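What you see is a predicted model; the values in this text were computed from it and never measured.
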Amino acid sequence: MVSERSERSSALLRALETEVDRAMVRPSRRLPPERQLSESLGCTRGELRRLMTHLEREGRITRHVGRGTFAAVRGEVVSTQTDSDFSPAALMTTCLLFEPEVAAVAAMSATQADIRELRRCIERAATLEDSWEELEHWDISLHRGFAVATHNPDIIAMVDALNSARNTPLWRQLKSEGTTPATRLRVHQEHTEIVDAISRRDRSGAAAAMARHIKSIRRAALRLDD
């Protein structure tokens, strides 16, 4: 019986590691939700959580409350900064300084596969109705997709750091309170404009569209003027 349990655990661990490998090639590196994973692996949530804890200790995954579970690069340095190290206003200023240039580089480097993935993120976000957390997930995935489209590991790491800084209770509260049907429509249009400019290889257009988008988010979430 002990041997059977050991074999089952080993088989489940191998299957979960395969899911982690699949997540590594996604722009967000996010694994499916617990319920979906447990169903696909044929195990209980308790079994899944024990396996997740094992992989987290090995540095294969990271778990974030409210965001989900993500595949981690072996040897990746995990930030030790606390939520209080980041103010939403400072974060938006950093995004405004950095992300328009990311979009500009993506306009010159993106492949057709990159552009298809960016459009997929936009389309998935557009299908969501009441799930703010899922909407935020696809927004983060899209912004990481812009970085991935640059094919520059340092830029990707910088955007990952910015996205990690968004994983704070205050930021989530501000974003959720500022999300209305009107702002969702505007964000969808702004995202589409950025991707359209990247698709046209329009560096200045992509940068300008990204800057407009970040200023729009700053107004909606933080009630800050330009």
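Applying the under-4.5 Å side-chain rule to Ile, Leu, Val, Met, Phe, Trp and Tyr, the cluster around Leu16 extends to Leu12, Leu13, Val20, Leu31, Leu37, Leu41, Leu48, Leu51, Met52, Leu55, Ile61. Using a 4.5 Å cut-off between side-chain heavy atoms of Ile, Leu, Val, Met, Phe, Trp and Tyr, Ile140 forms no hydrophobic cluster with any other residue.
Closest approach of Thr150 to Val102, counting heavy atoms only: CG2-O, 3.6 Å. Residues Met24 and Ala72 share a closest heavy-atom pair of SD-O, 4.0 Å. The minimum heavy-atom distance between Arg218 and Met92, with the atom names listed, is N-CE, 3.9 Å. Minimum interatomic distance between Ala106 and Ala149 (heavy atoms only, all atoms of both residues): CB-CB, 3.9 Å. Of all the heavy atoms in Ala206 and Ala107, the pair that sits closest is CB-CB, 4.3 Å. Nearest heavy-atom pair across Ser109 and His151 is O-CD2, 3.5 Å.
In this view, Ser199 and Ile115, Arg119 satisfy the side chain to side chain contact (heavy atoms under 4.5 Å, CB included) rule, not counting sequence neighbours. By the side chain to side chain contact (heavy atoms under 4.5 Å, CB included) test, Leu97 pairs with Thr93, sequence neighbours left out.
A 4.5 Å side-chain heavy-atom check between Pro33 and Thr69 finds every atom pair outside the cut-off. In this structure, the side chains of Met210 and Glu190 stay at 4.5 Å or more apart for every pair of heavy atoms. Looking only at side-chain heavy atoms (C-beta outward), Phe146 and Val105 stay at 4.5 Å or farther from each other.
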The test is side chain to side chain contact (heavy atoms under 4.5 Å, CB included); show your working for Arg116 and Val195 and say whether it passes.
CA-CA 10 Å; Arg116 284 195 298 270; Val195 177; over 6 Å; no
Begin with the C-alpha distance, continue with both residues' side-chain angles, and end with the deciding distance and a verdict on side chain to side chain contact (heavy atoms under 4.5 Å, CB included) for Arg120 and Trp138.
CA-CA 9 Å; Arg120 187 180 76 88; Trp138 286 108; 3.6 Å; yes
What verdict does the side chain to side chain contact (heavy atoms under 4.5 Å, CB included) test give for Arg60 and Glu56, after you've listed the backbone C-alpha separation in whole Å, the side-chain angles of each residue and the deciding distance to 0.1 Å?
CA-CA 6 Å; Arg60 293 293 313 278; Glu56 188 171 27; over 6 Å; no
Please lay out, stage by stage, how Glu47 and Arg8 fare under the test side chain to side chain contact (heavy atoms under 4.5 Å, CB included).
CA-CA 10 Å; Glu47 287 176 312; Arg8 172 178 169 78; 2.9 Å; yes
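Between Arg22 and Glu19 a salt bridge is recorded (basic side-chain N to carboxylate O distance below 4.0 Å). A salt bridge is absent between Glu17 and Arg14: the closest approach of a Lys/Arg side-chain nitrogen to an acidic carboxylate oxygen does not fall below 4.0 angstrom.
Under a 3.5 Å cut-off, the side chain of Arg203 and the backbone N or O of Ile198 do not form any donor-acceptor pair. Proximity of a side-chain donor or acceptor of Asp114 to a complementary backbone N or O of Thr111 within less than 3.5 Å is detected.
Following chains of ILVMFWY side-chain contacts shorter than 4.5 Å, one cannot reach Phe70 starting from Val148, and the two form parts of different hydrophobic clusters. Cluster annotation: Val159 and Ile156 are assigned to distinct hydrophobic clusters (Ile/Leu/Val/Met/Phe/Trp/Tyr, side-chain heavy-atom contacts under 4.5 Å, transitive).
Residues in residues 31-40 take part in these side chain to side chain donor-acceptor pair (under 3.5 Å) pairs, two or more places apart or across chains: Glu34-Arg49. Applying the ring-ring contact (aromatic ring centres under 6.0 Å, His included) test to every pair with at least one member in residues 189-221, sequence neighbours left out, gives these pairs: His143-His191, His143-His213, His191-His213.
Here the CG atom belonging to Leu142 is positioned 9.0 Å from the CD atom belonging to Glu117, to the nearest 0.5 angstrom.
Residues Asp139 and Ser141 bring no donor and acceptor atom of their side chains to less than 3.5 Å of each other.
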